[in-house]
Amino acid sequence: MAKDPVRVLVTGAAGQIGYALVPMIARGVMLGADQPVILHMLDIPPAAEALNGVKMELVDAAFPLLKGVVATTDAVEACTGVNVAVMVGGFPRKEGMERKDVMSKNVSIYKSQASALEKHAAPNCKVLVVANPANTNALILKEFAPSIPEKNITCLTRLDHNRALGQISERLSVQVSDVKNVIIWGNHSSSQYPDVNHATVATPAGDKPVRELVADDAWLNSEFISTVQQRGAAIIKARKLSSALSAASSACDHIRDWVLGTPEGTFVSMGVYSDGSYNVPAGLIYSFPVTCKNGEWSIVQGLPIDEFSRKKLDLTAEELSEEKALAYSCLT
Ligand SMILES: NC(=O)c1ccc[n+]([C@@H]2O[C@H](COP(=O)([O-])OP(=O)(O)OC[C@H]3O[C@@H](n4cnc5c(N)ncnc54)[C@H](O)[C@@H]3O)[C@@H](O)[C@H]2O)c1
Ligand SMILES: O=C(O)C[C@H](O)C(=O)O
């Protein structure tokens with residue numbers, strides 16, 4: 001019997017990530033090739049015409065899994081009944097703007113959209129925040145939607161995770177699908193810590209540690225880390241626009257693994273509400289290694305953390321605490 005459609009909200013759907021993301025969702029990349037979907041697309045009135053153009057293209061593409069499209073500038077209509085919400089909409093930083101200017105605009109958006117989701121989304125709606133500052137926007141959304149379970153509010157660091165897999169695959173000339181268990185700790189910003197200490201590569205002789213195969217700690221402890229941390233900036237420099245297809249694809253990976261589960265023995269990185277694991281302060285949205293089963297994520301416990309890593313985990317936590325304080329100061 002055909003499955004009932006799942007309603008997926010994409011905010012900022014007229015923007016560049018939205019344009020890459022909605023066809024992936026409509027093709028089953030996010031929820032599976034047998035899962036019908038109804039797309040809810042939200043943008044702001046100045047983008048209404050462009051949003052309608054995206055809707056026209058979705059109709060023209062005749063996706064068999066796409067059972068309906070809601071394209072609107074009304075947050076209540078957009079949020080009504082949604083099972084998955086991918087929050088991409090936001091105000092990008094423009095020339096001459098301070099971090100605080102963009103933070104203040106975005107946290108206000110996330111505060112108001114929190115209420116719309118809380119009141120109108122389906123119970124147990126899973127939320128993924130993509131828009132920057134992603135961790136702090138997700139935290140504000142969580143704080144202003146107290147009836148949504150905190151486990152349902154996450155932010156995207158899977159792009160950074162995938163970037164780390166990509167760098168290791170290039171360095172070792174192995175298939176990216178043979179590399180697993182890198183970790184992104186902390187903020188989706190240049191303070192993040194991409195950690196390969198638990199990562200492995202599948203070889204004909206079994207799984208081997210990435211550190212052993214790379215055999216160059218100096219590279220792993222410096223250039224590898226800064227390349228992943230700075231990859232977003234490198235894409236902006238090259239494209240004059242921030243990453244879009246990789247962000248959209250990683251958002252699909254994040255939701256797919258969360259809903260359908262991670263493969264046995266594999267962990268992925270997700271920005272989730274910290275519970276004090278690994279001595280990360282509770283009350284931040286922080287990226288951890290997680291596994292997913294039956295629609296729930298759990299933080300992988302008990303990984304040894306060396307002194308080098310400890311400092312890096314703490315540094316990115318400090319930045320997130322500062323962002324949290326700044327976000328609250330913008331809202332008062
Ligand atoms: N977490 C990640 O890995 C990651 C990666 C890449 C980009 N990003 C972030 O994702 C966001 C979107 O990037 P983009 O390149 O698509 O930007 P974009 O400017 O092309 O699109 C953003 C869209 O959001 C819309 N918007 C603005 N305010 C809104 C509101 N209140 N409600 C609904 N929609 C609203 C805009 O009209 C626009 O269409 C940015 O914040 C970017 O920094 C995050
Ligand atoms: O928009 C940015 O600053 C970069 C983006 O978050 C990315 O990681 O590609």
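Since the structure is predicted, the reported quantities are computational estimates derived from the model, not experimental observations. Indexing begins at 1, ligand by ligand and atom by atom, following the structure's order.
Checked for salt-bridge contact, Asp306 and Arg310 miss the test: no charged N lies under 4.0 Å from a carboxylate O.
Residue contacts with ligand 1, taken as heavy atom pairs separated by less than 4.0 Å, involve Ala247 solely via side-chain atoms from C-beta onward. Residue Val130 touches ligand 1 through backbone and side chain together, judged by heavy-atom distances below 4.0 Å. At a 4.0 Å heavy-atom cut-off, ligand 1 touches Gln16 through backbone and side chain alike.
Ring-centre distance between Trp185 and Tyr278: below the 6.0 Å cut-off.
Those atoms of ligand 1 that come under 4.0 Å of a heavy atom in Ser243, given as number and element, are 5 (C), 6 (C). Near Ser242, with a cut-off below 4.0 Å to any heavy atom, the atoms of ligand 1 are 15 (O). Residue contact check: Ala14 has heavy atoms under 4.0 Å from atoms 39 (O) of ligand 1. Taking every heavy atom of Ser243 and a limit of under 4.0 angstrom, the matching atoms of ligand 2 come to 7 (C), 9 (O).
Ranking the protein heavy atoms by distance from atom 2 (C) of ligand 1 puts His188 NE2, 3.2 Å first. Of all protein heavy atoms, the one lying nearest to atom 41 (O) of ligand 1 is Asn132 N, 3.0 Å. At the shortest separation from atom 1 (O) of ligand 2 among protein heavy atoms lies Asn132 ND2, 3.4 Å. Looking from atom 7 (C) of ligand 2 to the surrounding protein, the closest heavy atom is Arg163 NH2, 3.5 Å. Ile44 CG2, 3.5 Å is the protein heavy atom nearest to atom 29 (C) of ligand 1. Counting protein heavy atoms only, atom 13 (O) of ligand 1 is closest to Ile17 CD1, 3.5 Å.
The shortest heavy-atom distance from His188 to ligand 2 is under 4.0 Å. The shortest heavy-atom distance from Ala244 to ligand 1 is not under 4.0 Å.
For atom 17 (O) of ligand 1, the nearest protein heavy atom lies 4.0 Å or farther away.
With no hydrogens or angles considered, a side-chain donor-acceptor pair links Glu319 and Ser189 at under 3.5 Å.
A donor-acceptor pair under 3.5 Å links the side-chain atoms of Thr316 to the main chain of Asn187, judged by distance alone.
Here OG1 of Thr73 is found 11.0 Å from CG of Asn52. Values are rounded to the nearest 0.5 Å.
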- Go through Ser277 and Asp275 one step at a time and tell me if the side-chain hydrogen bond (donor to acceptor under 3.5 Å, both in side chains) criterion holds. CA-CA 6 Å; Ser277 292; Asp275 61 354; 2.7 Å; yes
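Using bins of under 30°, 30° to 60° and over 60° for the plane-to-plane angle, the ring pair Tyr193/Phe308 lands in the perpendicular bin.
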